[in-house]
Every structure is written in structure tokens, then in C-alpha cells.
Amino acid sequence: MSNSSNALFTGPLVKEAFKQSFVKLNPRILFRNPVMFTVEIGTAIMLCVCVWIYLGEKSQGSLLYNCIVTGILFLTILFANFAEAIAEARGKAQAESLRKTREETPAKWIQSVGEIFTNEIKIVPSSQLRKGDIFLCEAGDIIPMDGEIIKGIATIDESAITGESAPVIREAGGDKSSVTGGTKVLSDSIKVRVTAEPGESFLDKMIALVEGASRQKTPNEIALTILLAGFTLIFIIVCVTLKPFGDYANTPITIAAFISLFVCLIPTTIGGLLSAIGIAGMDRALRANVITKSGKAVETAGDLDTLLLDKTGTITIGNRKATQFYPASGVGKDDFIRAAVLSSISDDTPEGKSILELAAVDPSVYGVDKPEFIKFTAETRSSGINFGTTRIRKGAYDAIRNLVQKAGHSFPDEIVAQVKKISSNGGTPLVVSENEIVMGVIELQDIIKPGISERFERLRKMGVKTVMVTGDNPLTAKYIAEKAGVDDFIAEAKPEDKMNYIRKEQQGGKLVAMMGDGTNDAPALAQADVGVAMNSGTAAAKEAGNMVDLDNDPTKLIEIVEIGKQLLMTRGTLTTFSIANDVAKYFAIVPALFIASIPALQSMNIMRLHSPESAILSAVIFNAIIIPLLIPLALRGVAYKPIGASALLRRNLLIYGLGGVVVPFIGIKLIDLFVSIWF
């Protein structure tokens, strides 16, 4: 999925949104938006008034004036519908590009007899595959359905889904076994077990989400809708009570004036943009290559209090590197390097390769005859080489210590001290022995990602607590945590430790986010308020989380938090701006209604509007055109800066609160200067 295009308005999008703006005029559709639904009722009443005037009624003003008011009210609804439709059209355009990757694909189905799979392969359409079926994919094949690799390893091109051109490796077992339908096998062959029924694949869910078919209003959105409905009810009462005041003052108030006042006082701006803001929030997440299973997940991300992050691959680069050789007393440095190099010849891990790089010596110069390589095992926690009468081992401190002491040799005190020093500095010590005599210790260091501490500082300014999760010992974990700048850490973490930490935070009323990719992460992902699963992870992890990161970037959580906060800020600032607008519109219309019979109200006509008719028209015109003018802001979102909640509140009140009062005064006055030419 490409996210390269960020154009808000393109020809096809605008054309589709324009058509949908008229479709959404259907009262059964518009009823979901109480603010705009009442505007539609007001427009219908004005249409009846225009017909009434046409038939001879003289008390409601001129036909032209009433028709213009009716037309402006109709445009107000149309602009609000367009705001929602353009946001939906952007999602549908993305869905269409995704749908093209979901073409019918031939699958090499491995037939079975009962629960026993045979070696017979049958070519069937991908739509015939069912959950639990096994299929074969070879180099050049398109993966027909979501699944987990049960045998083999392959290079996969996921660009159709993620937009990234670099291929990835997926293999059976572990946390990198998940494959997605629509991606392509570039090398080798794999056997895959289907994990989704037709129509329920990851791609199907993505399409439904970006089209808005699965979008439901979030709790905050529902609460704001109820608040706006309450405002609407209040202003209905306010406008109705003006009638007896007008009769008492012997001031006739036309139906057009009542409806114009009502439409201008209710928060039509935020009412028209509310749905667009929510849809655009999910759209921004999608453009960051994050699939959200609901708008609630994006919104919750903006309110997060605690963030759990894996150390390896998130805070650190992920591959520990050898940084220093420390020979034991009485051992020459060259002799120690020789032992370290020979013990690492068969070590294909990044750590083993980094030892050879640090030594900068070609192992062939040592002329080892008939070597026997000893592989690393979890039981021995060491590896090495045997040749002739020489035995060289490299491994964890306690493993080599036991080996040395078992042979009756002493373990040097200075090496013990060096091991503790390396651990306290966040490193990993590897002790090397030759014929059960300690030669020295190699220091491995986790390399902290550049700029990660600055990102954590951004989160801290947002009010988010960061927690590092690691399997390291507490001493190493403490050093890395302090160096990276996280607020807390969980050392020697097991799956239940993550769960317990999340529950503890939630019991304190906090919202918690976590990322993971393995089956063992699934319980914690399900427990967290925001669970981000890696697309390369297991099916269990992706099902448990409420977001999926297509880029498999663990630091994406930080970006998700910013997207969530931007969504909440955009909704809050536009609500503030919309309600603040009412002040100017009140001062435009109310004095205009009574100024003829109560001249003292002239002092309230602070904008010095030309006439009652031009004042009302200017207010309703401004009320209509402000909606399309704010559509780009609703879709792009308000610029977010991590400066703290109180500072953000002051900033937004100053810009959008004060601006919401000042801008309408200026806008209505300018429109009045133009309108007064005709009225």
C-alpha cells in the first residue's frame, strides 16, 4: 500500500464527494447528525415559506430575500455533507487500490484425507481455501490467503501491502511466521496453514476499515454528539422565547429571521466537520502504515498514560556488538584475541561476527588442524572449538566459571570484577577459556538507537510514561533505561510480568499501550488499551491487538500516540472555534431583529451592519462558508507540539477561542459590505 500521495483534493475525489453530498441529503442518513438534521428541517420550512410568499403572503419579507436565505441554508448542509464525503472518498480510493491486490489467485492446495495431509497438490481458486487448509507457495507465487508458515523459509515481497520495496524473510516457528494474502514469494518454498475464512482476511478487513464500513463513533465522539444535540435543543428554546419578546416590543420577526438565528447559534461548524475529523484520524494512521481496527483505538492512543516498549529492536538496534577485549592477568592480548577469534569461527550470530570484526584478524592465519566446532546450546550456554589437545570455550560468566572450577582451576578475581563492571554499564560479558583456564572477557554492548532519548523526551512532554521491557538482568536493564531516558523498566520479563504491569497501571485509572509480535505477547496485547501487533508477527498477536503496524517498526507506537493526540486536539480546537463563533453571530443578528423598535440596541450593533436584512444574510453566509474553509484543517489535523496539556490548552484557547470570536466579526463585516450593495 503506497502512502505517497497526500493530496487532499484531486479531481476524482472531489467529483465523488460532490455526488455523495447530495446522496447524504436523505433524512434517514442525515438523522445521525442531529445538528445538520435540524438545519435540513429549517431549510424545508424556509422552502415552504418561499412558496407561501409566492402565493401572496406579504408579512414575511420579499421572495428574493427568503429564497437567498433558503439557498444559503441548503449550501450549509451540502458543505457539511461534502466534508464527510471527501474524507470517506479518500478512504475509498485507498480501498480501491487495496482491492486490486485482492484478485482471485490460484492456490496450490495440499489435499488431505481426514486430518492427514497427502503429497498431492491441486490448483484451486483462493476463494475455495478454508481456515486450516494447507497450501504450497514457491518462488514467483502470489500468497493466496492469510496464514502461518508451518514448514520452510522464504523471502517475501510485501510491497503490495506495506508500500516498502525491501523484501522480508519469513520462516516457520518463532514470531516471524505470519504471511499475508496478496504478497509475493521471491525465493525458496513454504507450506502455509490458512488462518482466515474467505472474506475475513487481513486485506478484507483493511478494505472494510478504510472504506468506513467498520467505522463506529468513538465514546468521545458520541459524547460530543450528545452535547451538540443538547446545544441544539437549548437554542430551539431560546429562539422560540424570542417570539413573545418581539410581540411585547411590537417588533415583527419573520420566520427567516428565526431560522437564521437558530442555524447561526447552533454549532453547525463542528456539527458539519465532526465525522470528517474522525475519518481523517483513521486515514492518517493508515498513511503511517498502521491499520486500526476501530476509531476508538486511535482516539485512545491520544489519551495514553503509559507505553510499554521492548528493549531489543526498539530502544536498542537489536544486535549486540563486541566493543572491547579484556585479557586476564598473565595472558597476552594477542593470545586472548586468538582464543576469542577461534571460539567465534562457527558463531553465525551477529555477536559472533562482531567479535571477528573487532579482532580484525583472519582466522586462517592461526592454522587450526581438523577443528571440531562446538555449537551453542541453552544447556551449556557456551560454544567453542576443539582441535588437537586444545579446548576453547566462549560463553556466559556463570557457565565458564562452572567449567573452570569443575576442572579444579581458580577463577581470577579481576575477571569477576570486570564482569560486574561490564554488567553495571549495560553490557554483556562473554568469558573465554582455553583448556579450562580463563583467558579473559569480551564486552558486548547493546547500541542504543540514535535519537531515541529525544523521542522519549517528546513522550514525557506529552505526559506519557515510558516503560522498557527486557529479559536482561536488573543491573543491565537499569543502565540501558537510564541511558535511553525511559521512566521505568521491567527486567527479566516474562509474559505474565507484562500482564501484571498493565493491570496494575489500569487499576490506577491509566490507559496503557503495548507492542508485540509473538504468541506469548497476545495476552498482554489484548489486555492493553492500545495493542499494536507487528504485521510479521503471529496470527494470535494480530488478532489480540487493535492495531497492526505494516512496517513492523516497534517505535511506531510513538507516532501513533501523536496521531491520536492530533485527532483529539483537532476535534477540541474546532469545537472551541465553532462555539466561539456564536458570539459574533449573536451580535450580528439579535440587534438587527429589534433595532427598529428599540433604538437603544444600536449600541450592540458594534459591527455597524448596514440593515437587519444584510446582517442576517451576512451571518448565515459566513456560517455556511466557514465549513468548507475548515475542511483542509479537519482532514490534515491541527499541528501538534508536545508542550504539555496546560500549555496546549492555553495555546488553543488563544488561537481558536479568541480567533473564533474575532474572525467572524471580521468576516461578517466584510460580507455585509458586499451584501449591502443589494440590500
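Values below: every heavy atom of this structure, side chains too, minus hydrogens, waters and symmetry copies. Quantities reported herein were computed from a predicted structural model and do not represent experimental measurements.
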Kindly compute the distance separating [atom1] ([X]) from [atom2] ([Y]), expressed to the nearest 0.5 Å.
X: M514; Y: L307; atom1: CE; atom2: CG; answer: 10.5 Å
X: D146; Y: E197; atom1: CG; atom2: CD; answer: 12.0 Å
X: D141; Y: L186; atom1: CG; atom2: CG; answer: 11.0 Å
X: L629; Y: F79; atom1: CG; atom2: CZ; answer: 8.5 Å
X: M36; Y: L78; atom1: CE; atom2: CG; answer: 10.0 Å
X: R503; Y: E496; atom1: CZ; atom2: CD; answer: 10.5 Å

Looking at [X] and [Y], what are the two nearest heavy atoms and their distance?
X: L129; Y: W109; result: CD2-CD1, 4.0 Å
X: K465; Y: E505; result: NZ-OE2, 3.8 Å
X: A139; Y: S187; result: CB-CA, 3.9 Å
X: L136; Y: S189; result: CD1-CB, 4.4 Å
X: V512; Y: L304; result: C-CD2, 3.7 Å
X: M145; Y: F135; result: O-CZ, 3.6 Å

>> With a sphere of 6.0 Å drawn around CZ of F18, does it hold more than 12 non-hydrogen atoms of other residues, nucleotides or ligands?
In response: no
Taking [X] for its side chain and [Y] for its backbone only, find out whether a donor-acceptor pair lies under 3.5 Å.
X: R170; Y: E148; result: no
X: E171; Y: A154; result: no
X: K498; Y: P523; result: no
X: R571; Y: L568; result: no
X: T570; Y: V638; result: yes
X: N33; Y: G271; result: yes
X: D157; Y: P167; result: no

Less than 4.5 Å apart, side chain to side chain, heavy atoms only: is that true for [X] and [Y]?
X: S354; Y: S344; answer: no
X: I480; Y: T470; answer: no
X: I121; Y: Q111; answer: no
X: L228; Y: P34; answer: no
X: I110; Y: K191; answer: yes
X: D347; Y: F373; answer: no

>> Evaluate I153 against I169 for side chain to side chain contact (heavy atoms under 4.5 Å, CB included), listing each step before the verdict.
In response: CA-CA 7 Å; I153 181 171; I169 294 175; 3.7 Å; yes
>> Among D497, I490, L309, V486, which residue satisfies the side chain to side chain contact (heavy atoms under 4.5 Å, CB included) criterion with V469?
In response: I490
>> I need the single residue from I270, N81, T76 that forms a side chain to side chain contact (heavy atoms under 4.5 Å, CB included) with I627. Which is it?
In response: T76
> For T43, what residues pass the side-chain contact (heavy atoms from CB on, under 4.5 Å) criterion, not counting sequence neighbours?
Replying inline: V39, T70, L73, F74, I77
> Considering residues at least two apart in sequence or located in another chain, which fulfil the side-chain contact (heavy atoms from CB on, under 4.5 Å) criterion with A83?
Replying inline: L273, A276, I631
>> So if I apply the side chain to side chain donor-acceptor pair (under 3.5 Å) rule between Q506 and each of T306, D305, D529, which one comes out positive?
In response: D529
>> Show me the pairs that pass salt bridge (Lys or Arg N to Asp or Glu O under 4.0 Å) and involve residues 20-30, at least two apart or across chains.
In response: K24-E84, K24-E88
>> Could you walk me through whether R130 and V194 satisfy the side chain to side chain contact (heavy atoms under 4.5 Å, CB included) test, starting with their C-alpha distance in whole Å, then the side-chain angles of each, then the deciding distance to 0.1 Å, before giving a yes or no?
In response: CA-CA 7 Å; R130 296 292 181 269; V194 177; over 6 Å; no
> side chain to side chain contact (heavy atoms under 4.5 Å, CB included) between T180 and I143: does it pass, once the steps are laid out?
Replying inline: CA-CA 7 Å; T180 305; I143 295 174; over 6 Å; no
>> side chain to side chain contact (heavy atoms under 4.5 Å, CB included), that's the test. Do I156 and I190 meet it? Break it down for me.
In response: CA-CA 11 Å; I156 310 287; I190 50 176; 4.3 Å; yes
